[in-house]
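Step one of this worksheet: look at the structure below.
Keep in mind it's a predicted model, so treat the numbers as computed, not measured.
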Amino acid sequence: MAEEFYSTQLIDRDGEFNKSGLSDFVKAVRLAECGLSYAVVSIMGPQSSGKSTLLNHLFRTNFREMDAPEGRSQTTKGIWMVRCAEIDPCTIVMDLEGTDGRERGEDDTAFEKQSALFALAVSDIVLINMWCHDIGREQAANRPLLKTVFQVMMRLFSPRKTTLMFVIRDKTKTPLEKLETVLREDIQKIWGSVPKPEVHKEVPLSEFFNVEVVALSSYEEKEEQFKEQVANLRQRFFRSIAPGGLAGDRRGVVAASGFALSAERIWKVIKENKDLDLPAHKVMVATVRCEEIANEKFDHLTADEEWCQLKAAVKNGIVPGFGKKLSSILEKCLSGYDMEVIYFDEGVRTAKRQQLELKLLQLVHPAYQSMLGHLRSKTLVDLKETLDKGLERGEGFSVAARDCTQLFMSKFDEGSEDAAIEQAKWDSSKIRDKLQCDVDSHIASVRAAKLSELTAQFEGHLSKALAEPVEALLHAASDDTWPAIKKLLQKETYSATSEFRKALSAYELDEATFEKMRAELEEYAKNVVESKAKEGAGRVLSRMKDRFTTLFSLDSDSSPRAWTGEEDIGAITKTARSASLKLLSVMAAIRLDDDKDNIENTLLHALVGATNPNTTNKGIQSIDPLYSSSWEEISPKKTLITPVQCKSLWSQFKAEMEYSVTQAISAQEANKRIKKEVPQAVLVGLPAALGIVSLLEMAEESCSTQLINGDGKFNKSGLADFVKAVKLAECGLSYAVVSIMGPQSSGKSTLLNHLFRTNFSEMVALKGRSQTTKGIWMAGCAEIDPCTIVMDLEGTDGRERGEDDTAFEKQSALFALAVSDIVLINMWCHDIGREQAANKPLLKIVFQVMMRLFSPRKTTLMFVIRDKTKTPLEKLETVLREDIQKIWGSVPKPEVHKESPLSEFFNVEVVALSSYEHEEEQFKEQVANLRQRFFRSIAPGGLAGDRRGVVAASGFALCAERIWKDIKENKDLDLPAHKVLVATVRCEEIANEKFDYLTADEEWCQLKAAVKSGIVPGFGKKLSSILEKCLSGYDMEVIYFDEGVRTAKRQQLESKLLQLVHPAYQSMLGHLRSKTLVGLKEALDKGLERGEGFSVAARDCTQLFMSKFDEGSEDAAIEQAKWDSSKIRDKLQCDVDSHIASVRAAKLSELTAQFEGHLSKALAEPVEALLHAASDDTWPAIKKLLQKETYSATSEFQKALSAYELGREEDIGAITKTARSASLKLLSVMAAIRLDDDKDNIENTLLHALVGATNPNTTNKGIQSIDPLYSSSWEEISPKKTLITPVQCKSLWTQFKAETEYTVTQAISAQEAIKNNKVLRTVVRVGIFTAAGALCLSGVGAAAGAAAVGATGIISGAIAGAAAGAAAGATAGATAGSNAGAAAAVEEVAEST
C-alpha cells in the first residue's frame, strides 16, 4: 500500500492500543522526518452520520464507508488513522467510532468520552459532524456529543486552542448565517451547562476553542454540489499550521518523532481515568525521546571508525592535531543530536544534550589524558637530552637548565593547546605541574651531582696534598713533627678553600652555605691527617722495630756493623731505644693545637727512667703513670695510643729486639775469641769450607704418615703435610676413607699393602709375632679413583697393652667409625662360630662405640675372612652373620635405639681370602678382584655410596683433629654437629683468604684510587663485578660444606666486603653530588640569562639535575648492597634549595632596585618643576602624579613578580580537620552492617574518642566516661553485624594519622616557603611605595628650602633657618637612599613654609 493511503486501526473497540501498528504507520509515512510540520485532524459525530465518507472526499483517504442498502449500522469501530494525500503540511486524519450507536447501548458511554478526550488531546483540528435538522432542537443527536467534548476539555491542561469545525450535513435552504447563529447559541448554552472546576468557572468558550462552522449539501441528493463544497473546504487544510491557519496555534505541539510515544502514553492515562496535563506530557515525551536519541548518538560515536582510529593512535604516542580531530568528532555527534531533537521541549533537549556531552567527554577523557601523558614524557626526555648536550658543550648549568626548562615547558604548553578540546574546558595544569616537578627534580639531581663532584674533587686534591707528606713527617718522628704537620695542614687547607670559593662562585651559594661547605672541607682535611696518624699508630710497633734495627745495625755511615768487639753495644742499644721511644711518644696523640703535653717525659720516666729536659715535668705520677687509659693533657678523641697500650707496646718491642742485642753480643764475643784462637788464614778460608757442607735434597715425600701415635697424641703437622702431599683439599666430596681393624698380627698391613699398594710396615714372621703397627697410620692409595685414604689401626688384643688396657682400642675404633666410609674387619676363618673367638671383643667394641655416634649415614663393615678353609663361603657367611646378630643383640643400647636393627647402622659385606703364606698367588688374585670394588666406591650403590654428612676434603684434617680431641675427652660424638663445626672453621678461613685477596686486588685498588679523584662511569657495575668474583670464588671453595654454615659465612664475608668498599661508594656519591650542584647552578644562570621565568627555571633545573643525580646513583649502585642514597640526595636537595633561595633573593632585590630607578626618574624632575611653579594646583598635581606613577609602577611590578609565583596562604589546619573528618565518617560507616532501622551511636563514639567532638545529628547515649574504644564490641551492634570492632577502629585511626602526618608536614613546609616569599614580596612592594613617597618628598624638601629663602620678609629668620636646615636634611636623606627619614624632613619643611 502506498504511503499516502497507509492506514491502521490505532485503538480497537475494546480500547486496546495498537502500539506495533502505530510504529509501522510512523515508519511507513515517514512521520518522524516532519519535525513540527504536521497536523492531526480527527472527526467525531453520531454513528452513520457520514463521517468516513466526508473524510474520504475531503482528504482522499480510504476509510471504510457505510453500505446504505444493507442498513444503517456501525461501520467504524474504535479509532482509525491514515495520512492524507497531497496536502502540505503532512496531515494525519483520525476517524473515531460514532457516538450514540445502538451497538454500545444507552449506558455504555465510557468509550465515547475516552475517544473524545484522546482526539482533543492529540488533534489540532476536530471536525464535528452533525445533521442540519438537529440545529435548534433540544433533543438533537449532537447535544450529548457537545457535552462530551466540553466535559473532557475540562480534564485537559493544554496551553493551545483546538479548532472545533462544526460540519453541517445535508444543508437545507435556511441561510448558513442563521444556522450558524442558532448553532453558536446552542453551543454557548451547552458550554454554560457543563460543570466546570473552580478555576474555569468564568472562562469563556473562546479561551479553549476556535469555533468554525461550515455546511455541506446532501451527498446522496446533490453529490456534485457536495464534492464541489468539499473541494473548497479541502483548500483550508493546506498550510493549516501557518499563523492564522486552522492549526495555527502550535504551542505545546509534540515533535513528529515523539507522536507515537505521546499517543500511547495519553491513551494509557485516559484509560486509567487520570487527568491529562499536556504540557507535562510533552516534557515527558521530550525526555524519553531526547534520551533515546542521545543514547543512539553515543553508541554511534563509540563505534565510529574515526574515533576508534584516533583512540588507538593516542595509546601509542602523540597525535598531531589531536584536539581538532576529537573536537570535530564530538561536534559531528552533538550536531546530529541537535538536528533530531530540535522540535522537542527546549529545556529537556538542552538538559539531555548536556548529559550527552558529559558522557562523550567522559568517554574521550582517558584519550586526552593519555595524550598529555605522552606530551609530558616526551618533553621530559627531550629536556634531559638537550640539557646533557648543553652541559657537554660547556654551557653553564643554571643557564642551560633555565633555557631548557623555558623551551620545553613552552613546547608542552603548545602541545597542550593542540590537544585541547573545544567542547571541554579541561585544565592541563596538574599534568604541567607534574612535569614541572619532574623537571625540577632532574635539574636538582644534576646540580647536586655537580656540587658533590666538585667537593669530592677538592677532597681528592687535599688528600693527595696531605697524605704522603703527613706520612713522611710521622715516619721521621721528631720534636718538630706535629708543628710541621699543623703548618702543612693550615697551608693546604687555606689554598684549597680559596680555590673552592672560586669554584663555588659559579653556583652563587649564600655565605652560610659556603661556610658550611668550607667547614666540611676543612674538617675533611683534618680527618685526612688524623686518619694517617691513626694508620701510623697502628703500625707503630713495626716502625719502632725498623728504627731500632736501622740505628742498631748500621753505623753512622749507614754501613752494617761488624761487631768486631770495639763497639759499645750498651750505648748503641740505648740510643736506638731512645729513638724508638721518641717515635712512640710522637705517635701517642694528635697534636694540631698549641697546647703542650707531657707524654714524652712520662714515657721516658716510666719506661727508661729519665726525662727530657725540653719538656715540662708536671703531672708525672709517683706511681707508674702508664697504668691508665688516658693522658692527662690529651682528650680521648685525640688519643692514638693510651698509656697502658704504650707500656704493652714497649714491653713487646723490647722482647722482640732483645734477640738482636743478644746476637750482637754473641757475635762480638765470637769475634773476640776468634781473633785470639784462629789464625787469619783459616778465617779467610772458613766460608769456603762451610760452603762444602750443604743439606742433601730430601727424597720425594712419602705418602704415608703416623696420624696418632701409641700414646694417643694427634700428629697435626704430619696430617697437614699429608693433605698437601696427596692434594686432598682439591677433591671436594670425591674421596673415600677406608680403615682396617682386627686382632694384632692378623695380617692387616699386608692386606692393605696388596689391596691399595701402600707401604705400611709389615710384621716379619721370622722375628716373632709382635706388635708392628702402633697407634694409627694413614696413607694415600695409588691409582684408585676416587681419591682413597687408608688408615691402618693398631691391632686389638695385643699383649703389649695387656688385658685391662682397652681404652685405646675403643678410642681408635670410635675414631675409625667416625671418619671412615668403609671399615675392614680382619678375622681368622677358624674363629667363625666360636664363642671365645678373637673377633668377638672387637665386634663388641665396634657396636658399642657405634651407639655414641650420631651419624646420618651408614658405614660399610666389610668382614675379611683370612686363611679360608674348604668350607663354602655361603655357610661361613651365614654363621658369621648369626654371630654378628648375637653380638649386636647383646650390646647395651640407648632407649632410642632399643629396637633398631643392625642394618640401620651398617651395610655388612663378607669376603674370604686364601692364606697369604701358603697360597700366595691365589691370595693376590683374590685381592686384585677385591681391589676393583674400591673403584668408583662413592657412586650410588658403591661401598661408600651413602654420602650423607660427608665432610668436604679441605676440612678433613680439621675434622679428624676435632673428633680425636672429643674422643680423648670421652665426649659423645654428634657427627652432624661436628660437621657443622668443621664447616664453620673452614668457611671462615676461606672467607678471610678471599677478603685479604680482594684488598690487594689490582682492579679494586685502581677503582678505589680512581673514585677518589672523581666520578667513575659504570662504578656500580665494576665494583659489583669485583665483589661477585670474590664471592663466586668463595662459593666454589665451600660448595661441599654445610649449606647453612657456608651461607652464614658468605653473609659475613659479604658484610665485610661491603664495609670495605662503602667509603668508595660514598666518595662516588659525593662526586655525583658536587657535579650535580655545579651543573644546576650553571644551567639556572643560563636559563635566567635567556629570560626564563625564575620559578619555572628553578623547577626545571631542580627536576632535571635531581633526576641526573638519581641516574648517577643508580649507576653507582652495587648489586650486593641495598644502600640508600637518600641522605646524600637530601643534602643535595638542601644545597639546591639553598642556592635557588639565594638567587631568588638576589633577583628580587635587583628587580626592586630597577623599579625604584624607574620611579625616581619618573617623579624627581616633574615634582621639582611643579614645586618650582608653586601654585594652588601644585600639591593636587603632585599627589595625582604620585598616584599615577605609583599605580603604574606597582602594576608592572606585580606582572614582573608573577614569574616568582608568590602564592596565597591556605588554612592547613581546617583542611586537615575536614579531610580527617571525612576519613572518620568512612570508618564509622564501615564499622557495622545496618540493614534494619535501629539507631546506633558508633559515629559519635568515634568522634568523641578520636577527635574529641560529637555529631549533633546523632544520639549521645552510651558514650563512656573512660575510653569507649577499649572494647571488642559495639553496644548497639551484635557481633554478627560488626565489621570493625572499637579497638580495631582505634588501631586503624592511629595508623592512619601516623601515615598521613607526613603529607600534612610537607604541606606546612611548602606553605612556610611560600609565606617567606610573600613577606619578601610585601616588603619589596612597601619599599617601592616608600621610595616613591620619599622621592616626591625629597623634591618637595628642596623646593621648600628655596621658598623659605625667598620668604624672609614674611617669615622670621629663625624659622627660615630651621626650614633651610630641615630641607638640607631632607636632601641629604634623599641622596643617601630616599628613605622615610627624608620624607619626614620634607613634611617639616612644608609645614614651616
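- The pair Asp785-Arg936 fails the salt-bridge criterion, with no side-chain N (NZ, NE, NH1 or NH2) lying under 4.0 Å from an Asp/Glu carboxylate O.
- We find that Glu1119 and Lys1021 are not joined by a salt bridge, their nearest charged nitrogen and carboxylate oxygen being 4.0 Å or further apart.
- Within the 3.5 Å criterion, the main-chain N or O of Phe756 finds no donor-acceptor partner in the side chain of Glu783.
- Legend: residues meeting side-chain contact (heavy atoms from CB on, under 4.5 Å) with Val879, ordered by chain and number and at least two apart, are Ile832, Asp883.
- Only one option out of Val908, Leu824, Asn907 pairs with Thr860 in a side chain to side chain contact (heavy atoms under 4.5 Å, CB included); it is Asn907.
- With rounding to the nearest 0.5 angstrom, the CG atom of Leu1060 is 4.5 Å from the CZ atom of Phe995.
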> salt bridge (charged side-chain N to carboxylate O under 4.0 Å, His left out) between Glu989 and Arg986: does it pass, once the steps are laid out?
Replying inline: CA-CA 5 Å; Glu989 289 175 352; Arg986 277 299 295 145; 2.5 Å; yes
> Given Phe760 and Trp777, is the ring-ring contact (aromatic ring centres under 6.0 Å, His included) satisfied, shown in steps?
Replying inline: CA-CA 8 Å; Phe760 292 116; Trp777 285 74; 7.6 Å; no
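- Contact check for Thr705 versus Met778: side-chain heavy atoms found under the 4.5 Å cut-off.
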>> Under the criterion salt bridge (charged side-chain N to carboxylate O under 4.0 Å, His left out), I'd like the reasoning laid out for Glu1003 against Lys1022: C-alpha separation, chi angles, the key distance, then a yes or no.
In response: CA-CA 9 Å; Glu1003 188 178 359; Lys1022 292 177 181 177; over 6 Å; no
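- Between the side chain of Arg866 and the backbone N or O of Ser746 there is at least one donor-acceptor pair closer than 3.5 Å.
- When atom types are taken as modelled, the side chain of Glu794 and the backbone of Gly775 share a donor-acceptor pair closer than 3.5 angstrom.
- To the nearest 0.5 Å, atoms OG (Ser651) and CD (Glu656) are separated by 11.0 Å.
- Checked against Asp792 for a side chain to side chain contact (heavy atoms under 4.5 Å, CB included), the options Val738, Leu707, Leu752 give a single hit: Leu752.
- Lys965 and Glu961 are not joined by a salt bridge, as no carboxylate oxygen comes within less than 4.0 angstrom of a charged side-chain nitrogen.
- Between the CG atom of Leu817 and the CD1 atom of Ile967 there is a distance of 9.0 Å, given to the nearest 0.5 Å.
- Nearest approach of Thr758 to Gly780, heavy atoms of both residues: CG2-O, 4.2 Å.
- Atom-to-atom distance recorded for Ser1032:OG and Lys994:NZ is 10.0 Å, nearest 0.5 angstrom.
- Between Ile740 atom CD1 and Ser749 atom OG the span is 7.5 Å, to the nearest 0.5 Å.
- Defined by atom type and a distance below 3.5 Å, a donor-acceptor pair is missing between the side-chain atoms of Glu1028 and Ser1024.
- Under the side chain to side chain contact (heavy atoms under 4.5 Å, CB included) test applied with Val1061, the options Leu1027, Ile1026, Val1011, Leu1007 reduce to a single match, Leu1027.
- Atoms CH2 and OG, from Trp1004 and Ser1025 in turn, are 13.5 Å apart once rounded to the nearest 0.5 Å.
- Note on ring orientation: taking the six-membered ring where Trp is involved, the planes of His1062 and Tyr1065 are tilted (angle from 30° to 60°).
- Asn709 places a side-chain N or O within 3.5 Å of a backbone atom of Lys713 that can act as its donor or acceptor partner.
- Judged by distance alone, with hydrogens and angles left aside, the side-chain atoms of Ser812 form a donor-acceptor pair with the main-chain N or O of Phe808 at under 3.5 Å.
- Residues meeting the side-chain contact (heavy atoms from CB on, under 4.5 Å) test with Val927, sequence neighbours left out: Leu751, His754, Leu755, Leu913, Phe923.
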> Can Glu920 and Lys924 be said to form a salt bridge (charged side-chain N to carboxylate O under 4.0 Å, His left out), step by step?
Replying inline: CA-CA 6 Å; Glu920 184 175 353; Lys924 288 181 178 179; 3.0 Å; yes
> How far apart are the C-alpha atoms of Lys1049 and Glu988, what are their side-chain angles, what is the distance that settles it, and do they pass the salt bridge (charged side-chain N to carboxylate O under 4.0 Å, His left out) test?
Replying inline: CA-CA 6 Å; Lys1049 292 300 176 184; Glu988 190 160 359; 3.2 Å; yes
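- Annotation: side-chain hydrogen bond (donor to acceptor under 3.5 Å, both in side chains) contacts involving residues 925-934, sequence neighbours excluded, comprise Glu909-Arg933, Ser914-Gln926.
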